[in-house]
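Everything numeric in this text was worked out from a predicted model, so none of it was measured.
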Amino acid sequence: MAGTSFSGAVLASDSIWLRTGPTSPLVRFSGTEVTPDGRVLIADASEGNVKLFDSTGMLLRLLGSKGGGPGEFSAPRFPRVAPDGRIFVSDGAVPKIAVFSRDGDFQREFLLKGFSLITGLRVLPDGELLVTGSQAGTDHILFRLDSIGTVKQGFLPLKRLTPTPRSPIPWDVARSFSVALRGDTALVVCTLSDSLWKVTLADGHVTAMAITVPGYIRPHAPEVKLNGPQDILKKWLSTFHTASAIYANGHVVVVPFVKGVLAYGDPATVAVLRGEKWEALTAAPPVLGISNERLVVLGHEQASDRPFLLLQPLVQR
């Protein structure tokens, strides 16, 4: 798969300037969703809230706050909008999901019993939930939940997805799974893999395909002795490429790759799947999602460091 520069593969974009006040800064993006009516939800892990903007980028209200009580977050992630307009938000530090009304009023929250971290969240058309993560007593990493968080089905046994060789590499420190939804099919990627797994939710059937990215560096055993967590972060996790997320609509699948597990930023190589053919867009800015037929990417005005979102149609090449 040959690479094409990101700037050469997208059309001129619409911009949404995100306007916040001094008491509600945008610090750390940890999830984004653009609603069907053009409003923007941005989870801020540092501030412990989700910011709801109108379609022009004006801040409407804050959903949640920092803390451990009802409607509060340690590190909110993955704001998702249900077909009825309700907003679901997971916590990146506690396995719980909070539910807000369309206008951002807190309604309820529920813990996912037996789960560790939630690494991906999608809302199904019937209002049920699809999450990636791990639950005690099962080897699955993809789960279908009812609207109150009870597991109905588990998919993708972890033993099928473990990189090799497994030892002595500290894979568990770096491994995370992300999920997108296309019709009745879940699309899953792992940080430590260049594979895409397609799971048919009706019957659990799984198929896999390789994602080939120019210059991709596979996970490999550390070349130096790792003496604790800091060595893992500094000497190993920044030496190979990882799939940071996955997004999809009816026409394309998008998987951004970054060098280093924690380096969610620029530059990235974005793998785009149309039909059965992959295309690589290099030197790409951070990709935050797909809204209708457009990529949502993050930009900054250098003079003031003001963040803005770019809605960029992908060119059919």
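Rounding to the nearest 0.5 angstrom, the gap separating the CD1 atom in Ile16 from the CZ atom in Phe53 is 10.0 Å. Atom CD1 of residue Ile290 and atom OG1 of residue Thr32 lie 13.0 Å apart, to the nearest 0.5 angstrom. Here the straight-line distance linking atom OG of Ser178 with atom CZ of Phe78 works out to 6.0 Å at 0.5 Å rounding. Note that CZ of Arg61 is 14.0 Å distant from CG of Asp54, once rounded to the nearest 0.5 Å. For the atom pair Leu41 CG and Leu60 CG, the distance stands at 9.5 Å (nearest 0.5 Å). Note: Asp84 CG to Arg102 CZ = 11.0 Å, rounded to the nearest 0.5 Å.
One hydrophobic cluster holds both Leu26 and Leu62 under the rule that ILVMFWY side chains link at heavy-atom gaps under 4.5 Å. Under the 4.5 Å side-chain heavy-atom criterion for ILVMFWY residues, no single connected hydrophobic cluster contains both Val99 and Ile42. Hydrophobic clustering (side-chain heavy atoms under 4.5 Å, transitive across Ile, Leu, Val, Met, Phe, Trp, Tyr) groups Leu158 together with Leu142. Ile87 and Val123 are assigned to two separate hydrophobic clusters, defined by single-linkage of ILVMFWY side chains at heavy-atom distances under 4.5 Å.
One finds a salt bridge joining Glu128 and Arg144 here, because a Lys/Arg side-chain nitrogen approaches an Asp/Glu carboxylate oxygen to under 4.0 Å. Ion pairing between a basic and an acidic side chain is recognised when a charged N comes within 4.0 Å of a carboxylate O; Arg86 and Asp103 show no such pairing.
Checked by atom type, the side-chain pair Arg19/Thr56 shows a donor-acceptor distance below 3.5 Å. With 3.5 Å as the limit, one finds a donor-acceptor pair spanning the side chains of Thr35 and Asp37. Between the side chains of Thr269 and Thr282, not a single donor N or O lies within less than 3.5 Å of an accepting N or O. Judged purely by distance below 3.5 Å, without hydrogens or angles, the side chains of Ser134 and Ser116 pair a donor atom with an acceptor atom.
Remark: the backbone N or O of Gly38 is not paired with any side-chain donor or acceptor of Ser55 at under 3.5 angstrom. Side-chain N or O atoms of Arg122 include one that pairs as donor or acceptor with a backbone N or O of Val179 at under 3.5 Å. Judged purely by atom type and a 3.5 angstrom limit, Arg274 has no side-chain atom pairing as donor or acceptor with the backbone of His251. Of the possible donor and acceptor atoms, none in the side chain of Thr185 sits under 3.5 Å from a partner among the backbone N and O of Lys198. With hydrogens and angles ignored, the 3.5 Å screen pairs a side-chain donor or acceptor of Asp44 with a backbone N or O of Val27.
Scored by the salt bridge (charged side-chain N to carboxylate O under 4.0 Å, His left out) test, Asp91 finds no partners at all (sequence neighbours excluded). The side chain to side chain donor-acceptor pair (under 3.5 Å) test applied to Arg182 returns no partner, not counting sequence neighbours.
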Worked verdict on Lys66 versus Glu72 for salt bridge (Lys or Arg N to Asp or Glu O under 4.0 Å): CA-CA 6 Å; Lys66 197 78 169 179; Glu72 297 177 339; over 6 Å; no

Trace of the side-chain hydrogen bond (donor to acceptor under 3.5 Å, both in side chains) decision for Ser176 with Thr191: CA-CA 5 Å; Ser176 177; Thr191 49; 5.5 Å; no

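Contact check for Leu156 versus Val206: side-chain heavy atoms found under the 4.5 Å cut-off. Put simply, the side chain of Leu124 reaches to within 4.5 Å of the side chain of Leu201, judged on heavy atoms.
Note on ring orientation: taking the six-membered ring where Trp is involved, the planes of Phe257 and Tyr216 are perpendicular (angle over 60°, cut-offs 30° and 60°).
Val255 and Ala243 get closest at one heavy-atom pair: CG1-CB, 3.8 Å.
For Phe115 and Phe143, the gap between ring centers is short of 6.0 Å.
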